[in-house]
Amino acid sequence: MKLGIVGLPNVGKSTLFNAITNAGAEAANYPFCTIEPNVGVVPVPDKRLDVLAEMYHPEKYTPAIVEFVDIAGLVKGASKGEGLGNKFLSHIREVDAIAHVVRCFDDPNVIHVDGSVDPARDVEVINMELIFSDLEVLGRRIDKVRKDMKGDRTLAGQLALYERVYSAMEEGRTARSLDFTEDELALLEDVRLLTLKPTLYIANIGEDDIGNDDNEYVKKLRGIAAAERAAVIPVCAGIEAEIAQLEDDEKKEFLSDLGIEESGLDHLVRESYALLGLISYLTAGPKEVRAWTIVKGTKAPQAAGKIHSDFERGFIRAEIISFDDLVACGSMNAAKEKGLVRSEGKDYVIKDGDVVLFRFNV
């Protein structure tokens, strides 16, 4: 699962990406230790893993991860190939969600590409380029369906859906601002609309605005995001770049001095994980404490397959206890004595925070 970081020039996109890359630099034991230069891999903060590590003192500690892709910069006219527009659009089609960096700070030493700070204008520039690209793609799809309808009238519903989305985008609305049924989303899936991708906005604020809710730029951005049902995460990219260089103890002290509990980057990573519809189940023991990433709604055999394909192929059952029950009991054996470890079959839907032991036979 990947998030693409987008934004206009000089909004702090590169600074934020550098912070993300540095934050993940020590992930030598993660599955993605060799990566492309334009991909940053960062751990998902999860205090539950810290607690389990205290219980088991494992040889390995492996959190869930999120990948961020640094998308090429965007200028007005990208949908027509201006600047690196074609590269921007091709790369953004390959990510699962969008993290849109918007400048929300004043600094005369950092020139804005349009001469002033205006979140509404900046968001509109990028959204309109994505809309223009979607209109071109969807227009071709509409033409094809119309031709196919001459021999298949069952395509009428599909055509109506495409035309409804097309009309909304002609009015400047993104596809994600519309309501769809599950069947309609399935029909739109292979069209790969850029403006249908889940999106969160990163408000890049100045150092003086950390922990301050009165930033007028951020307020304006929240209003825009609300219309699209998107979240806004205030982050000071410059400070995040500094924090990413610190050791854990230094980081805690630095955050304490700023009067905040967690870094903006940690908040961003957790929100990104949720945006992608992801949850974690946990495995724990002396060899490893680990968070395994699955899509919300995944059943036990498919979750087991994340560990190894044999686990899914030979799935027998899953022994499950909630994280809270395990911690309260102090050990798996104590939890079993109290009857808190459940045996679940192939139809069980794994929940976030389930501590799981899979039984299988191949």
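Here the structure is a predicted model, which is why all the values come from computation and not from measurement. Residues: numbered from 1 along the sequence shown.
- Proximity of Leu265 to Ile20: side-chain heavy atoms (C-beta onward) are separated by under 4.5 Å at one or more points.
- Within the 4.5 Å cutoff, side-chain heavy atoms of Phe68 are placed close to those of Val269.
- Taking CD1 from Ile65 and CG from Leu278, the interatomic distance works out to 11.0 Å, rounded to the nearest 0.5 Å.
- For the residue pair Tyr273/Asp46, the side-chain donor-acceptor check at 3.5 Å is not satisfied.
- Between the Tyr281 side chain and the Ala303 main chain, a donor and an acceptor come within less than 3.5 Å of each other.
- By the neighbour-count criterion of 12 heavy atoms within 6.0 Å, atom CG of Asp249 is sparsely surrounded, having that number or fewer from other residues, nucleotides or ligands.
- Taking the side chain as every heavy atom from C-beta outward, Asn204 and Phe105 approach each other to under 4.5 Å.
- Put simply, CE on Met149 and OG1 on Thr154 are 8.5 Å apart, with the number rounded to the nearest 0.5 Å.
- When atom types are taken as modelled, the side chain of Asp148 and the backbone of Leu155 share no donor-acceptor pair closer than 3.5 angstrom.
- Ser280 and Arg48 form no side-chain donor-acceptor contact under 3.5 Å, judged by distance and modelled atom types alone.
- A heavy-atom distance below 4.5 Å is not found between the side chains of Arg176 and Lys197.
- No side-chain heavy atom of Trp292 sits under 4.5 Å from any side-chain heavy atom of Val356.
- In this structure, Arg270 contributes its side chain and Pro45 its backbone to no donor-acceptor pair below 3.5 Å.
- The number of heavy-atom neighbours closer than 6.0 Å to CD of Glu54, taken from other residues, nucleotides and ligands shown, is 12 or below.
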